[in-house]
Number of protein chains: 4
Amino acid sequence: MSDETTRMRARAAGIADPDVQLRRLTIGPRRRTEEVLAAAAAVFAERGFHGASTQDIADRLGMRQASLYYYFASKEAALEQVCQRGIERIIGDTEVIAAGPGSVAERLAMVMRRHVEPLADNCASVRAYLHEVRFLPKEARRRIGRLARRYERVVEGLLEQGIASGEVRADLDIEIARDAILGMCNHAAHWPGKEPGGAMAHVAEELIRLVLRGIATERPDVVAG
Amino acid sequence: MSDETTRMRARAAGIADPDVQLRRLTIGPRRRTEEVLAAAAAVFAERGFHGASTQDIADRLGMRQASLYYYFASKEAALEQVCQRGIERIIGDTEVIAAGPGSVAERLAMVMRRHVEPLADNCASVRAYLHEVRFLPKEARRRIGRLARRYERVVEGLLEQGIASGEVRADLDIEIARDAILGMCNHAAHWPGKEPGGAMAHVAEELIRLVLRGIATERPDVVAG
Amino acid sequence: MSDETTRMRARAAGIADPDVQLRRLTIGPRRRTEEVLAAAAAVFAERGFHGASTQDIADRLGMRQASLYYYFASKEAALEQVCQRGIERIIGDTEVIAAGPGSVAERLAMVMRRHVEPLADNCASVRAYLHEVRFLPKEARRRIGRLARRYERVVEGLLEQGIASGEVRADLDIEIARDAILGMCNHAAHWPGKEPGGAMAHVAEELIRLVLRGIATERPDVVAG
Amino acid sequence: MSDETTRMRARAAGIADPDVQLRRLTIGPRRRTEEVLAAAAAVFAERGFHGASTQDIADRLGMRQASLYYYFASKEAALEQVCQRGIERIIGDTEVIAAGPGSVAERLAMVMRRHVEPLADNCASVRAYLHEVRFLPKEARRRIGRLARRYERVVEGLLEQGIASGEVRADLDIEIARDAILGMCNHAAHWPGKEPGGAMAHVAEELIRLVLRGIATERPDVVAG
DNA sequence: TATGAATGAGATTTCATTCAT
DNA sequence: TATGAATGAAATCTCATTCAT
């Protein structure tokens, strides 16, 4: 009875199950953990943390609910790991980029591209991070918050550099500008209809142009793009 | 026993109960419905739709949980009504403003102010609308979507007018700009720490300046603020 | 809000409401009570006692749930009154018929006709009585049982007379025969597809023939029909 | 506290709990599912589908109410499985009997005996089937209906054969006769007071005699019993 | 590495009923 | 005669989690 139920669920979730058994034998243990977290991320992103059940996650994996607990200690722990992957994905190599060569405008543009990219790819952990961090217990939220802060520093740093170099107008409120930029980029997560690839790239470039003009000093020749 | 339980809950939720009996007699029936929806909005905004229980709502009202169902048919129906109030609050009189006098920049600035205001006031229905609409069943989502579309039209219309009049640069992708603007404004909902009043007003003005510069043609004298 | 709800319900239940107000003023008080019990009977018959809600009854009347309690003291009390009407409808004038003229076969045939008739008419109180008496509290069940017993006596009496007169074979177990006859007749309630009128009358005659032959002595000429 | 509650309930329901733990280890998994359905059948038969609560079922099993949902997906699903067992119990080997040797009268008598037997044994699933199928959702009712149809065909088939062979009078309306026979047999379910064994067997034989005489041609020597 | 069986807590929702008006 | 507002109790069902295997 339970057996049939599981298979039905797996099928309903659009998961092929024939080779699951096989895969289990052929790939390493870490990989499976990653799969589980990816499934959790997908479900959290789609239904929200509280709207998602561990059963949903298990279904997506062709696994029983109870088995999940081999991979994470609790649903909340799973969310924390998902969020960590999400924010890490956003941070990516932006710190390296920001510290690298190029004008502030160029570097900020690259950072923004990196931010919108995973959303364009519909990256579940990033989406889950954006909407669901707030449901993490305080302690975990603080841990994730420390990572998020690093990313905020990247953008702030660029804006500060821009002001110092004259590329960015001096009257800009850096914190607000930073939040505005992040808000605009994050908002890209709300366009579920946009397919990845060309369209989203266009969106990113348009956003970048908007921002660069918005923050630039009155020397249009400075503006990239 | 149940009675004590309720009182405990009400107290735990920080609600004074002594005059509840009185209030029931003194205020009209419509009002009570509004109170219930306000409580629902607050709870949905704070904990998310799925994270909020109807018990939480009842507690906030000093009411028994079953009694809520006198006012709404289901939790989802409550969410729809909350969301409707949220989007209506955002729309507000923006259509009138947009159709009114003044330059595009001035009118867009006013519209943005109106958008950020309720978030600054921590308006629960608006916050609930922004984060929780997506959990409405399809049919309801469509109904709310129709309202949201009206607001989007307001912003689009202004941008179009701006392009026509030369105030806004012609190469702007209107849809993207519209989403960017809304995204930035909505993002204000993510600053729960900001107290209302001066600070948020400052934020709004800064955002407005950013946007106006971002979309303006290269004639700085046109830009407001 | 509640008002709209009620109208929606009334409409959904296929009840015209425009003249309800009028009717209330024009017809006597007893009548209204009968209407309420008829509605209760219909709902009990259709959904079973426990499956029927007082709301269902109110809907059918275009009335609010609370108003029902003006007409009956409790749902169980309503069921008792419905059942009483049901069994009384079955008893009808069968006692008179049984005491009247004609052969046993003729009189039994008439009694059976009277039994099947209300089922053919889809008489709600009779259907409700047959299926739902068992959910009455003991005391009420006993009261109704006394009435039912009267009807059983009618059939038993006819069978006894038949044996005495030689019309019915002497080896017949009267109690069993009585139950068999009632069982067959009651079973007519299970044919919801049969429209009233000719078809059901045909069914009744066929049942009568079956029974009369079944109980008759080996003198086929005695058998009616 | 909950623990005591359960024990109290189990005791109140007349269930011994000491060896429950033991039983769990000693009997196979399929068995447990059967036990659960048997308990459901008993409760449905006794109180009606809507009058029975899942708590009642759990009590009878010494199980927590939530645990039932491991064995069935919903109360309605449980009813469907119960009804299936009920109608299957009635069908039993009647198709084999009907296709076997012997006169139509002999075979019909055996079929009727098989029908009344489970009712005499107070078989819960059969009683539940008879009274509660109507509360199944349409789709399920159709599924069960297909099985019921098979049984009806058995009786119809015998009557047709009887007419063909001259054992049964040709003017008999087969559908009505079939329903009358089933109705009479089913009605045996309404005698809850009758203890199994001799008494019910006597009832069955009496019913059979009634029916056979009722349907027979005017050649009394043909009639069995 | 994964599962079957079960559970405690709690969720939403329904229901019969009450009572002041 | 009927209703609006509310309630206590209970119903069905879901969920995260545990634990022996």
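Predicted, not measured: the structure shown is a model, and the values here were computed from it. Residue numbers begin at 1 in each chain, while the letters A, B, ... track the order of the sequences.
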Measure the CG-CD distance between B/Leu79 and B/Glu132 for me, rounded to the nearest 0.5 Å.
-> 7.0 Å

Taking salt bridge (Lys or Arg N to Asp or Glu O under 4.0 Å) as the test, write out the residues that go with D/Arg141, two or more places apart.
-> none

Would you mind classifying the nucleic acid contact of D/Ser67 as base, sugar-phosphate or nothing, using non-hydrogen atoms under 4.0 angstrom?
-> base

Round to the nearest Å and state the distance from D/Leu68 atom CG to E/dA5 atom P.
-> 14 Å

Would you call D/Glu35 and D/Arg32 a salt bridge, taking side-chain N to carboxylate O under 4.0 Å as the test?
-> yes

Looking only at side-chain N and O atoms, does C/Thr54 come under 4.0 Å of OP1 or OP2 in E/dC15?
-> no

Would C/Arg134 and D/His131 satisfy side chain to side chain contact (heavy atoms under 4.5 Å, CB included), going step by step from the backbone distance to the final call?
-> CA-CA 12 Å; C/Arg134 64 179 177 134; D/His131 296 338; 4.0 Å; yes

For A/Ala66 and for A/Asp56, find the nucleotide of DNA chain F with the closest heavy atom, then tell me which residue's nucleotide is more 5'.
-> A/Asp56

Identify the residue among C/Asp56, C/Val82, C/Asp59 that makes a side-chain contact (heavy atoms from CB on, under 4.5 Å) with C/Val43.
-> C/Asp56

Whole-Å gap separating C1' (F/dG4) and CE (B/Met63) = 12 Å

Starting at atom CZ of A/Phe135, determine the distance to atom C1' of F/dA16, rounded to an integer number of angstrom.
-> 17 Å

Between D/Gln65 (CD) and E/dG8 (C1'), how many Å, whole number?
-> 12 Å

note: B/Gln55, atom CD; E/dT12, atom P; distance rounded to Å ~ 9 Å

Spacing between C/Asp59 atom CG and E/dC15 atom C1', to the nearest angstrom = 13 Å

To the nearest angstrom, how far is D/Tyr70 atom OH from F/dT14 atom P?
-> 16 Å

Could you go through the side chain to side chain contact (heavy atoms under 4.5 Å, CB included) check for C/Phe49 and C/Glu76 one step at a time?
-> CA-CA 9 Å; C/Phe49 177 66; C/Glu76 269 176 356; 3.9 Å; yes

Closest heavy-atom contact between D/Ala124 and D/Ala45?
-> O-CB, 3.6 Å

Could you check how far CZ of B/Arg31 sits from C1' of F/dG4, rounded to whole Å?
-> 19 Å

Closest approach of C/Ala128 to C/Ala41 (non-hydrogen atoms, all atoms of both residues) = CB-O, 4.1 Å

Pairing of B/Lys75 and B/Glu80 as salt bridge, 4.0 angstrom limit | no

Counting any heavy atom closer than 4.0 Å, what does D/Ala52 reach on the DNA or RNA strands: base, sugar-phosphate only, or nothing?
-> sugar-phosphate

Would you indicate, yes or no, if E/dT1 has its OP1 or OP2 atom less than 4.0 angstrom from a side-chain nitrogen or oxygen of A/Arg32?
-> no

Bracket notation of DNA chain F in which parentheses pair within the strand, [ ] cross earlier pairs, and | pairs with another strand (Watson-Crick or G-U, under 3.5 Å) | .||||||||||||||||||||

From F/dT7, F/dT3, E/dG4, pick the nucleotide closest to the side chain of B/Arg64?
-> F/dT7

Please list residues of residues 75-85 of chain C whose heavy atoms come under 4.0 Å from any atom in DNA chain F, ordered by number; otherwise none.
-> none

Checking side chain to side chain contact (heavy atoms under 4.5 Å, CB included) for the pair A/Leu68/A/Leu61: CA distance, chi angles, key distance, verdict?
-> CA-CA 9 Å; A/Leu68 294 174; A/Leu61 291 159; 3.8 Å; yes

Of C/Phe49 and B/Ser74, whose closest DNA chain E nucleotide lies nearer the 5' terminus?
-> B/Ser74

